[in-house]
Participant: 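Please find one structure pasted underneath; my questions will follow.
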Amino acid sequence: MNTELGDDGQDESEAARFAALPPDFPRPANLGAVSGAQAKFLMTRYQGRFYSPGCTPPELLERWNNCEDLAQQLAVKSIESKTGKRAHMTETEILDQYLPRLIATGWVSEPEAKWVMRRTAELVGWQAPPSAFP
């Protein structure tokens, strides 16, 4: 595999994928502090830049890949449900019943689960349920 490194030492393809992350994809909220007389906050250094913990390009790309994969799987499952055992439910109801189940798995955070539901709705061309919005 031949990759080119940019000026910041970051893999060009990684940088392009990071730049292409959907703007509405949730970033982890890490509230933390370090004791002392002066205010301090937590940061992670990656490729010479500082990021909030969990927000470096590789970390966010991994989270996004997992969420996108879940959305693709739920899109297939949602269409199967609409033509099968949940044919009596509206499209919004089908998506809405998946949200608490996804949150309960612990695979993703609640904001990520809501994003997955919005992305699933987009993939199948349905309206996202109100519960999928922050």
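For reference, positions follow the sequence shown, starting with 1. Treat the numbers as computed from the prediction; the structure is a model and nothing was measured.
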Participant: If you measure only the distance, is there a donor-acceptor pair under 3.5 Å linking the side chains of Glu62 and Asn66?
Facilitator: no
Participant: Side-chain heavy atoms nearer than 4.5 Å, only ILVMFWY residues, links allowed to pass through others: does that put Val124 and Leu99 together?
Facilitator: yes
Participant: Mind checking whether Ile103 and Leu70 sit in one hydrophobic cluster, side chains of I, L, V, M, F, W, Y counted as touching below 4.5 Å?
Facilitator: yes
Participant: Nearest 0.5 Å, what's the OG1-CD distance between Thr56 and Glu14?
Facilitator: 8.0 Å
Participant: I would like to know whether Gln72 and Arg119 meet side chain to side chain contact (heavy atoms under 4.5 Å, CB included); could you show each step before the answer?
Facilitator: CA-CA 8 Å; Gln72 296 286 338; Arg119 177 68 176 135; 4.1 Å; yes
Participant: Quick one: does Arg27's side chain have a donor or acceptor within less than 3.5 Å of a partner on Phe25's backbone?
Facilitator: yes
Participant: How long is the span from the NZ atom in Lys85 to the CD1 atom in Ile94, to the nearest 0.5 Å?
Facilitator: 11.0 Å
Participant: Is the backbone of Ser109 close enough, under 3.5 Å, to the side chain of Lys114 for a donor and an acceptor to pair up by distance?
Facilitator: no
Participant: Taking the side chain as everything from C-beta on, heavy atoms only, tell me whether Arg49 gets closer than 4.5 Å to Pro57.
Facilitator: no
Participant: Quick one: do Trp107 and Leu95 end up in the same hydrophobic cluster if we chain Ile, Leu, Val, Met, Phe, Trp and Tyr together by side-chain heavy atoms under 4.5 Å apart?
Facilitator: yes
Participant: Counting distance only, does the side-chain N/O of Asn65 pair as donor-acceptor with the main-chain N or O of Leu61 below 3.5 Å?
Facilitator: yes
Participant: Which pair of non-hydrogen atoms, one from Cys55 and one from Leu60, has the smallest distance, and what is that distance?
Facilitator: O-CD1, 3.7 Å
Participant: If you count heavy atoms of other groups shown closer than 6.0 angstrom to CD of Glu93, is the number above 12?
Facilitator: yes
Participant: With a cut-off of 6.0 Å (strictly less than), are more than 12 heavy atoms of other residues, nucleotides or ligands near NZ of Lys82?
Facilitator: yes
Participant: Determine the minimum heavy-atom distance between Trp126 and Ile79, stating which atoms define it.
Facilitator: CH2-N, 4.2 Å
Participant: Could you tell me the separation between the CG atom of Asp96 and the CZ atom of Arg101, rounded to the nearest 0.5 Å?
Facilitator: 11.0 Å
Participant: For Ser81 and Tyr98, which I'm curious about, is there any donor-acceptor pair between the side chains at under 3.5 Å?
Facilitator: yes
Participant: Of all the heavy-atom pairs spanning Ser78 and Thr120, show the shortest one and how long it is.
Facilitator: OG-CG2, 4.0 Å
Participant: So which atom in Ala132 and which in Met117 form the shortest heavy-atom distance, rounded to 0.1 Å?
Facilitator: CB-CB, 3.7 Å
Participant: Are Leu21 and Trp115 grouped together when hydrophobic residues (ILVMFWY) are joined by side-chain heavy atoms under 4.5 angstrom apart?
Facilitator: yes
Participant: Is the shortest side-chain heavy-atom distance between Arg63 and Val108 below 4.5 Å?
Facilitator: yes
Participant: Kindly compute the distance separating CD (Gln47) from CZ (Arg45), expressed to the nearest 0.5 Å.
Facilitator: 10.0 Å
